[in-house]
Amino acid sequence: MTMITATTMAVLLKPMITAHRLLLFQTQKHTSIIAKQQKQNGSLLVASSVHQSDNYCQNLVDEFDPNIPIEKALTPPSSWYTDPSFFDFELHHVFYKGWQAVGYTEQIKNPHDFFTGRLGNVEFLVCRDDDGKIHAFHNVCRHHASLVASGNGQKSCFVCPYHGWTYGLDGALLKATRITGIQNFDVNEFGLKPLNVATWGPFVLLNLDKEILPQQEADNTVGSEWLGSCSEFLGANGVDSSLSYLCRRVYDIECNWKVFCDNYLDGGYHVPYAHKGLASGLKLNSYSTKTYEKVSIQSCDGGSTESEDDIDRLGSKALYAFIYPNFMINRYGPWMDTNLVLPLGPRKCQVIFDYFIEAHLKDDEDFIERSLVDSERVQIEDIVLCEGVQRGLETPAYCSGRYAPTVENAMHHFHQLLHYILKE
């Protein structure tokens, strides 16, 4: 057997090593050229990619025709509820435009009160300053992007937990730590980035794409822009700031956000089958629906004959208001709850329930507890329904369905609004 020395091995491998180095150099050079071209044409490449994605999503939008009468119409295709690209497309066209309900005024009742939240990829912070003025900001430190605040509570200023940069309640940068030697730095340019904020009744709203308006002007216009012609109707039917806030419940649900909205908007269709307890307290043959510009109102008579000793949560009339795109107000008897549906992904959403009650019953612990138990039962039943629908939407057996014309007109109205805004 011939023994190969180290010297001989080096001689044999030298051409291979040389060729490998040449190939590596050529590859690196080619990669460098591509990287340089991408850097020079980066905006063009991104724009091209975004354009292709938009075209793809617009084709999905066009699979639903909003002009076909409900009696003949097909529902939107399942891709609206399952496609990741369509979900991102929706965030920018639906949730990052127009007024969005994000909380309630009780959360910022006093100076220094604040709360935080997330809408799509937008982290936000809402607070009230020493003078009682409400502010809203992107909840992102201008130093290295840490979240400045979390949860809710009271603060006289916001100190970033990462490097201690400090912001006032008006968003101004008050302190930037350890920046000795920094150049071209203007403290006035590094405050928290503001968002448009307004209030209507007991609700706090944000607008992510509108120019920053003075507080009074925003409050004066938000009603007509958010609710349209039914703002007076809601105010006259008990949706106002006189109610006392009770508590919050949060549900994470494995379904697209629109599945939850569709379930809410079926005109009571599913109630006798899925909510037998609720159905027993409603006169379902009285169910009616009326649509406005961006709102639909469902109403139903209750079976209550209330007396002072026997207060029914549903009362004699139930009113269910859906405010495009993701906010619901349920007003019945002495009770009101709201449902805020937050998109978390193509097949996941979070629904936040806030409960309110007429002031004279806020200390009636027995009635409140019974009402919350009843509400919780309905929500669990709805979660089972919605998650089952999502699983069905993801199967190859389903593409589009049909509407029940006499009851599902609010759902059809919702889909028409979605189509309109997605085509803008």
Which distance, rounded to the nearest 0.5 Å, do you find between the CG of L60 and the CD of Q58? 9.5 Å
Proximity of F137 and Y167 rings by center, below 6.0 Å: no
Return the set of residues passing salt bridge (charged side-chain N to carboxylate O under 4.0 Å, His left out) with R402 (not counting sequence neighbours), or none when no residue passes. none
Can you tell me how far the CG atom of D240 sits from the CE atom of M336, to the nearest 0.5 Å? 7.5 Å
Contacts of K210 that satisfy salt bridge (charged side-chain N to carboxylate O under 4.0 Å, His left out) - sequence neighbours left out: E225
Which pairs pass side-chain hydrogen bond (donor to acceptor under 3.5 Å, both in side chains) with one or both residues in residues 143-152, sequence neighbours excluded? H143-H163
Is there a side-chain contact between S296 and L265 (heavy atoms, below 4.5 Å)? yes
Honestly, is K294 close enough over Y324, meaning NZ or CZ under 6.0 Å from the six-membered ring centre and within 45° of the axis? no
For residues N263 and H270, determine if any side-chain heavy atom of one lies less than 4.5 Å from a side-chain heavy atom of the other. yes
Residues Y355 and S375: side-chain donor-acceptor under 3.5 angstrom: yes
Thinking salt bridges, do D366 and R370 make one under a 4.0 Å N-O criterion? yes
For F233, enumerate each residue passing the ring pair (Phe, Tyr, Trp, His ring centres under 6.0 Å) test, keeping only those at least two apart in sequence or located in another chain. none
Whether R142 engages the ring of F190 as a cation-pi pair (distance to the six-membered ring centre under 6.0 angstrom, angle to the ring normal within 45°) should be assessed. yes
S79 side chain near F86 side chain, heavy-atom distance below 4.5 Å: no
Contacts of S229 that satisfy side chain to side chain contact (heavy atoms under 4.5 Å, CB included) - sequence neighbours left out: Y292, E293
Would you confirm whether the ring centroid of F114 sits within less than 6.0 angstrom of the ring centroid of F158? yes
CD1 (I421) and CD (E90) are apart, to the nearest 0.5 Å, by 11.5 Å
In this structure, which one of F203, F414, F260, F322 forms a ring pair (Phe, Tyr, Trp, His ring centres under 6.0 Å) with F327? F203
Which residues share a side chain to side chain contact (heavy atoms under 4.5 Å, CB included) with H412, sequence neighbours left out: F64, I70, A73, Y403, Q416
In chain order, what residues pass the side chain to side chain donor-acceptor pair (under 3.5 Å) check against D363, with sequence neighbours excluded? none
Gap separating the CG atom of D337 from the CD1 atom of I352, nearest 0.5 angstrom: 13.5 Å
Residues that D382 engages under salt bridge (charged side-chain N to carboxylate O under 4.0 Å, His left out), provided they are two or more places apart: none
Nearest 0.5 Å, what's the NE2-CG distance between H93 and D209? 11.5 Å
Parallel, tilted or perpendicular for F95 and W257, by the 30°/60° rule? perpendicular
Any side-chain donor near an acceptor of the partner, Y264 and N330, under 3.5 Å: yes
Hey, could you give me the CD1/OG distance between I323 and S231, rounded to the nearest 0.5 Å? 10.0 Å
Contact between Y320 and M328 at the side-chain level, heavy atoms closer than 4.5 Å - yes or no? no
Got a sec, which residues hit salt bridge (charged side-chain N to carboxylate O under 4.0 Å, His left out) with E358, two or more places apart in sequence or on another chain? R331
Any residue meeting side chain to side chain contact (heavy atoms under 4.5 Å, CB included) with N220, in chain and number order, not counting sequence neighbours: Q216
Any side-chain heavy atom of Q379 sitting closer than 4.5 Å to one from R249? no
Who are the side chain to side chain contact (heavy atoms under 4.5 Å, CB included) partners of D186, not counting sequence neighbours? N188, E189
pair H135-D129: side-chain heavy atoms closer than 4.5 Å: yes
Have Y273 and E381 got a donor and an acceptor in their side chains that come within less than 3.5 Å? no
Which residue pairs pass the side-chain hydrogen bond (donor to acceptor under 3.5 Å, both in side chains) test when at least one of the two sits in residues 60-69, sequence neighbours left out? D62-K423
I'd like to know if the side chain of N196 reaches the main chain of E211, judged simply by a donor and an acceptor atom lying under 3.5 Å from each other, with no hydrogens or angles considered. yes
For Y245, I'd like to know if atom OH has over 12 heavy atoms of other residues, nucleotides or ligands within 6.0 Å. yes
So do V204 and F115 actually touch side chain to side chain, heavy atoms under 4.5 Å? yes
